[in-house]
J.: 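If you scroll down you'll find the structure; I have some questions about it.
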Amino acid sequence: MQIRMDKFLADAGFGTRSEVKKKLKTETVMVDGVRIRDAAFRFDPEKQQVTVNGKAVSFQLLSYYMLNKPKGVVSATKDPMEKTVVDLVPDGRRRDLFPVGRLDKDTEGLLIITNDGQLSHRLLSPKHHVKKEYLVLYRGALSPEAEEMLRTGVDIGDEKPTLPAELTLLSPATCILDVQNSDETENIDIHLCLIGITEGRYHEIKRMFAAVGSEVISLKRVSMGKLRLDPSLLPGESRQLTPEELMLLNEG
Ligand code: URA
């Protein structure tokens, strides 16, 4: 399989394609002992040997998993005490896999596990404004003013207010989240909504709801860009992305 040199080096972690293009001029990149300066040079990384400044660069096959993260698992690659999201995918012992961003330990839903640093960077970079949608079960009805604040941007104690969010109030009957330790009386004043945000600040949604006087009880991510969580995946289950899903994610 032939691949362009700039894509090969970018996938191997040498920077973005434009950074790699510059590096080809300044660093010594060789294929089978011949210096390559052209980013568009095509070769077969499974059969040909690439070196950068004398060091061999091995061919990295890119992997993409969709995980329905369960509650109670940490979004990390490894943890001395706890099970991590990477432990939940079939290739979990591979050291190159990592989650694209973090969900809180008590958040469930869509998480991509990959070794594609470029894709991860693009999906998470604040510059790209990739929308992430969450189902939110919360206590404390939102007043019209609170709804407006969530939609336009709310002060959560950071330097800047949050960016505008898309908010859709849903009927509790459509609720598909687990309410832990719930009982009849606790269920009073519990509501469900769908919110789409384009940032990924620490505890962002919990802090947004707290800022308008409500409290998040349960959070589930259902989409990232154009990619939706496969509803047939139970919490803790994962599978490889299909080529069509990967395209959707790249269109993000
Ligand atoms: N916002 C939160 O508060 N927690 C998450 O896990 C994701 C978004």
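Just so you know, these numbers use all the heavy atoms, side chains as well, and skip hydrogens, waters and symmetry mates. As the structure is a prediction and not an experimental result, all values here were calculated from the model. Whatever order the structure lists ligands and atoms in, that order sets their numbers, starting from 1.
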J.: Say whether S75 and K105, considering side chains only, have a donor N or O and an acceptor N or O under 3.5 Å apart.
T.: no
J.: Determine whether the side chains of E27 and N53 contain a donor N or O and an acceptor N or O closer than 3.5 Å.
T.: yes
J.: If you look at every heavy atom in M66 and L110, which pair is closest and at what distance?
T.: CG-CD1, 3.6 Å
J.: Are more than 12 heavy atoms, taken from residues, nucleotides or ligands other than K127, located less than 6.0 Å from that residue's NZ atom?
T.: no
J.: How would you list, by chain and number, the residues with a heavy atom under 4.0 angstrom from ligand 1?
T.: L103, D104, T107, Y134, H203, E204, I205, K206, L219
J.: Go through F43 and F8 one step at a time and tell me if the ring pair (Phe, Tyr, Trp, His ring centres under 6.0 Å) criterion holds.
T.: CA-CA 9 Å; F43 67 103; F8 171 82; 5.3 Å; yes
J.: Search all heavy atoms of K220 against all heavy atoms of G109 and return the closest pair with its distance.
T.: CG-CA, 4.1 Å
